[in-house]
Amino acid sequence: AYAIAISLLGVILREFFRSYFFLRLRPAAVLFLDIVFVALLFGGLWAAVQMKFASINIAALVVLGFASMIVGLASVFMARDELSVKLADIPPALKETWQQGRWALGGVTVTWLQDQSYIYLLSAMVSTAETAEASAARLFLAPLTLLSVGFSRVLMPRWAYMAHEGKHQELIDMANRVKWILVSMVVGYVAVLLLLKDWLTPLLLTKDYTQTGSLIVLWGVLFAIQAVRSNYSAQLQVFKR
């Protein structure tokens with residue numbers, strides 16, 4: 001709990017400025033800060049392992065928090081000339097944000113439950129072994145999650161500008177192209193994983209994982225559906241629905 005409390009402020013600060021730079025159409029700044037963050041994170045984790053911490057999971061949370069805080073403070077420095085806020089501006093900004101943001105609270109909660117509930121359901125219905133195998137297969141498809149989130153983070157601000165300028169049909173056409181690109185990438189990636197699974201499974205996991213192939217296919221189907229869902233969700237958010 002203490003580790004999470006220490007980490008939380010840094011993570012919030014870093015995520016705020018990632019969104020801010022995307023909204024300012026400055027993805028290069030986000031890429032630079034993410035590279036710095038990853039370097040700090042891996043450096044901190046390496047140091048924690050070398051120092052042989054008894055609770056490496058707690059050390060990892062603290063390292064995550066400090067790395068996030070350093071990057072967050074660097075973001076504040078980078079945005080210092082363009083982000084001047086007066087205290088009087090904060091209440092009306094919060095009021096305006098709440099008009100649309102209250103729906104996001106429910107949406108984030110539902111999405112989190114959809115993404116994580118399988119862990120609790122499987123653990124309750126079968127055993128931790130089956131849960132571990134399902135989670136391990138999902139790890140193979142982790143790059144697809146990053147890809148989908150990356151697309152939405154970069155494109156939503158651009159779509160918002162297009163919606164503001166009345167380019168609705170152009171926005172919808174672009175969204176449809178992106179949707180089919182993502183689905184095609186999921187299908188292609190899953191096909192490559194299936195071809196390499198006999199080599200990848202013992203390399204990254206152990207030989208005890210015997211159902212990886214079928215689970216990869218099922219996760220692939222789910223990820224394809226999520227790519228379509230998130231695409232339409234992004235459009236609805238841009239159109240303030």
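As a basis for the values below, the full set of heavy atoms in this structure was taken, side chains included, without hydrogen atoms, waters or symmetry mates.
At a threshold of 4.5 Å between side-chain heavy atoms, the hydrophobic network of Ile, Leu, Val, Met, Phe, Trp and Tyr places L8 and M69 in two separate groups. Under the 4.5 Å side-chain heavy-atom criterion for grouping Ile, Leu, Val, Met, Phe, Trp and Tyr, W180 is not connected to L171 through any hydrophobic cluster. L193 and V183 fall into different hydrophobic clusters, where Ile, Leu, Val, Met, Phe, Trp and Tyr are joined by side-chain heavy atoms under 4.5 Å apart, directly or via other members. Linking Ile, Leu, Val, Met, Phe, Trp and Tyr residues whenever their side-chain heavy atoms come within less than 4.5 Å places F239 and V178 in a single cluster. Under the 4.5 Å side-chain heavy-atom criterion for ILVMFWY residues, no single connected hydrophobic cluster contains both V186 and L218.
Atom-to-atom distance recorded for M156:CE and S230:OG is 10.5 Å, nearest 0.5 angstrom. The OG atom of S68 sits 9.0 Å away from the CG atom of L13 when rounded to the nearest 0.5 Å. To the nearest 0.5 Å, the span separating CZ on F21 from CZ on R24 amounts to 9.5 Å. With values rounded to the nearest 0.5 angstrom, H168 atom NE2 is found 11.5 Å from Q235 atom CD. One distance of note links CG of L144 with CG of L141; it measures 5.0 Å at 0.5 Å rounding. Distance check: S7 OG to R14 CZ gives 11.0 Å after rounding to the nearest 0.5 Å.
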Next item on the list: List the steps, then state whether side-chain contact (heavy atoms from CB on, under 4.5 Å) holds for S75 with V71.
Entry: CA-CA 6 Å; S75 303; V71 171; 4.3 Å; yes
Next item on the list: Any chance you could lay out the side-chain contact (heavy atoms from CB on, under 4.5 Å) test for I12 and F17, step after step, and finish with the verdict?
Entry: CA-CA 9 Å; I12 290 172; F17 276 101; over 6 Å; no
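L41 and A67 get closest at one heavy-atom pair: N-CB, 4.1 Å. L105 approaches T109 most closely through the heavy-atom pair O-OG1, 2.8 Å. Of all non-hydrogen atoms in A48 and I56, the two that sit nearest each other are CB-CD1, 3.8 Å. Of all non-hydrogen atoms in F140 and Y189, the two that sit nearest each other are O-OH, 2.6 Å. Across all their heavy atoms, A163 and V238 have their closest contact at CB-CG1, 3.6 Å.
The side chain to side chain donor-acceptor pair (under 3.5 Å) check on Q50 picks up nothing, with sequence neighbours excluded.
Looking only at atom types and distance, the side chain of E15 has no donor-acceptor partner in the side chain of S19 under 3.5 Å away. There is a side-chain donor-acceptor pair under 3.5 Å between K179 and Y232.
Summarising the local packing, CZ of R80 is surrounded by more than 12 heavy atoms from other residues, nucleotides or ligands at distances under 6.0 Å. Environment of CD in E96: sparse, with no more than 12 heavy atoms of neighbouring residues, nucleotides or ligands closer than 6.0 Å.
Looking at heavy atoms from C-beta onward, W46 lies out of side-chain contact with V49 at the 4.5 angstrom threshold. Side-chain atoms of M174 and L155, non-hydrogen and from C-beta on, do get closer than 4.5 Å to each other.
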Side-chain polar contacts of residues 25-36 - donor-acceptor pairs under 3.5 angstrom, sequence neighbours left out - could you list them?
residue	atom	partner	partner atom	Å
R26	NH1	E82	OE1	3.0
R26	NH1	E82	OE2	3.3
D34	OD1	R18	NE	3.0
D34	OD2	R18	NE	3.4
D34	OD2	R18	NH2	2.8

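The cationic group of R158 does not satisfy the cation-pi geometry with Y161, failing either the under 6.0 Å distance to the six-membered ring centre or the 45° limit from the ring axis.
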